[in-house]
Amino acid sequence: MFASACGAAARALTWVDRDNRETMNEHIPFGKPAIVGRELEYIAQAIAQGTIAGGGPFMKRCEAWLEEALPARRALLAHSCTAALEMAAILSGVGPGDEVIMPSFTFSAPATAFVLRGATPVFVDIRADTLNIDETLIEAAITPRTRAIVPVHYAGLACEMDPILAIAERHGLLVIEDAAQAHLSHYKGRPLGTLGHMGCLSFHETKNIVSGEGGALLINDPRFFDRAEIIREKGTDRSRFFRGQVDKYTWQDIGSSYCPGEIVSAFLYAQFEHADAICIRRRALYDQYRAGLAGLAAIAIPNATGAEANGHIFWLLLRDEPTRARLIAHLAGENINAVFHYVPLHSAPAGLRFGRVAGEALPVTEGVSARLLRLPLYLEMTDADVARVVASVGRFFGRNA
Ligand SMILES: *Cc1c(COP(=O)(O)O)cnc(C)c1O
């Protein structure tokens, strides 16, 4: 149902036809959020309906969309992916002294969510091809204090979930997917975020589908359904009260305020209506980069196609850090904004304080983070924009553009 509605939308959307505009000297930003449909209309509708707090009709429509379109067993909208990770950390029951396995080559959010519970992130190295946690190193990092594994699907490409789920099963661990970058990506046909016990999505403006700030907790293990609602509502059973299941609502548990407001949900629902079209376009831009840069011996690019990932990030690996700095400067000189990515968590101030490295060192993580560059990729980018970036990278390496 959603797919066919979105297919029609894709044909109607304007960015598809904009490749011929004059672009030669225009600034190409690294990223840029786009309005794709009825965002403003739905916001006006949310205001007119007289309720703009969390838990309103647009929040429920977004959750129903996720449950049906992915599909997911249960989707709880949150005000960010970080909030969803915090909810998952509370639900996982980890506490001081417990350990949670995750990559170091990632954003602070998955680590800080568990550190807030008093747990210790244990950082495992990544694979050199996918830049995702190296599943063959996970088992050696497990100790009697390990409680959970947090696979992070970098650039929308799936971690090796079958072996990870098998390891978790063998050791009685929870799997909480950080699918912040992986909305509408799949692993062997199954939507990312729905393979572990829980999964977390982000709708931050830098992601594929956006609401400024925004996120969702996907819950696949029914054990967590009821408590998750209470945690999201400041520790109260307010959700049950609104469904008429209790006659008053009271303080039941720990929790916080994790609901998005209705204006944010209204914006997000308008984006969901064009989810397929957004993904199709981003994947095409990503594949154009792959095709354009494939012959360049001086760089490594992802093996995965746009269809295998979700067109979230197009990265390339340079020979070394100085080459990366020179390429960034070269692109900036041509009005193109390319950016590096993570300072590995294990080497960051808070990582040194709160986490530890599994084994001796994380050589792939350190090598990749110093050499990785992300090229501009956003919905309104044209084919001509991508061609211009490809030509500029080619010129840097002395290839005729
Ligand atoms: C963006 C991101 C987050 C955080 O998402 P927010 O919605 O901004 O809280 C978490 N993990 C990863 C891997 C991300 O890329």
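Whatever order the structure lists them in is the order used to number ligands and atoms, beginning at 1. Just the heavy atoms: all of them, side chains too, but no hydrogens, waters or symmetry mates, feed the values below.
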Trainee: Got a second to check how far Tyr154's OH is from His341's NE2, nearest 0.5 Å?
Mentor: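 Answer rounded to 0.5 Å: 5.0 Å.
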Trainee: For Tyr187 and His153, I'd like to know if the aromatic rings sit close, meaning centre-to-centre distance below 6.0 Å.
Mentor: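 Judged by ring-centre distance (under 6.0 Å), Tyr187 and His153 do not meet the cut-off.
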Trainee: Among protein heavy atoms, which sits nearest to atom 11 (N) of ligand 1, and what does the distance come to when rounded to 0.1 Å?
Mentor: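 For this ligand atom, the closest protein heavy atom is Asp178 OD2, 2.7 Å.
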Trainee: Decide whether an N or O pair under 3.5 Å exists between Ser202 and ligand 1.
Mentor: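 The answer is yes, given that Ser202 and ligand 1 share an N or O pair closer than 3.5 Å.
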Trainee: May I ask you to list the atoms of ligand 1 that are less than 4.0 angstrom from any heavy atom of Val152?
Mentor: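 Ligand 1 atoms under the 4.0 Å threshold to Val152: 13 (C).
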Trainee: Are the charged groups of Glu99 and Arg356 less than 4.0 angstrom apart, N to O?
Mentor: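 Looking at Glu99 and Arg356, the cut-off is met.
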Trainee: Please could you name the atoms of ligand 1 that Ala109 approaches to less than 4.0 Å, counting only its heavy atoms?
Mentor: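 Heavy-atom distances to Ala109 below 4.0 Å select 10 (C).
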Trainee: Can you name the atoms of ligand 1, numbered from 1 with element, that are less than 4.0 Å from a heavy atom of Gly214?
Mentor: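 Counting atoms of ligand 1 from 1, those under 4.0 Å from Gly214 are 7 (O).
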Trainee: Tyr42 ring centre to Arg61 NZ or CZ under 6.0 Å, with the angle to the axis within 45°?
Mentor: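 Geometry flag: set, cation within 6.0 Å and 45°.
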Trainee: Given the rule in the salt bridge (Lys or Arg N to Asp or Glu O under 4.0 Å) test, do Asp383 and Arg281 qualify, once you have shown the distances and angles that lead to the verdict?
Mentor: CA-CA 10 Å; Asp383 293 358; Arg281 181 61 188 151; 2.9 Å; yes
Trainee: Relative to each other, are the rings of Phe241 and Tyr249 parallel, tilted or perpendicular (30° and 60° limits)?
Mentor: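 Phe241 vs Tyr249 ring planes: tilted.
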Trainee: With atoms numbered from 1 as shown, which atoms in ligand 1 lie under 4.0 angstrom from a non-hydrogen atom of Ser80?
Mentor: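 Here the atoms of ligand 1 in question are 7 (O), 9 (O).
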Trainee: Please list the nearest protein heavy atom to atom 14 (C) of ligand 1 with its residue and the distance rounded to 0.1 Å.
Mentor: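 Going atom by atom, the protein heavy atom closest to atom 14 (C) of ligand 1 ends up being Ala180 CB, 3.4 Å.
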Trainee: Arg232: what forms a salt bridge (charged side-chain N to carboxylate O under 4.0 Å, His left out) with it, not counting sequence neighbours?
Mentor: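 In terms of salt bridge (charged side-chain N to carboxylate O under 4.0 Å, His left out), with neighbours along the sequence ignored, Arg232 is linked to Glu63.
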Trainee: Can you tell me which portion of Thr82 lies within the under-4.0 Å heavy-atom range of ligand 1? Options are side chain, backbone, both, or neither.
Mentor: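 Both the backbone and the side chain of Thr82 come within reach of ligand 1.
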Trainee: Do ligand 1 and Gln181 have nitrogen or oxygen atoms that lie under 3.5 Å from each other?
Mentor: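 Such a contact does occur with ligand 1.
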Trainee: For Lys207, counting its heavy atoms only, list the atoms of ligand 1 lying under 4.0 Å from any of them.
Mentor: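 The atoms of ligand 1 under 4.0 Å from a heavy atom of Lys207 are 1 (C), 2 (C), 14 (C), 15 (O).
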Trainee: Determine whether the side chain, the backbone, both or neither of Thr106 has a heavy atom under 4.0 Å from any heavy atom of ligand 1.
Mentor: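 The answer is the side chain.
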Trainee: Once rounded to the nearest 0.5 Å, what's the spacing between atom CZ of Phe314 and atom CZ of Arg290?
Mentor: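 Reported to 0.5 Å precision, the distance equals 7.5 Å.
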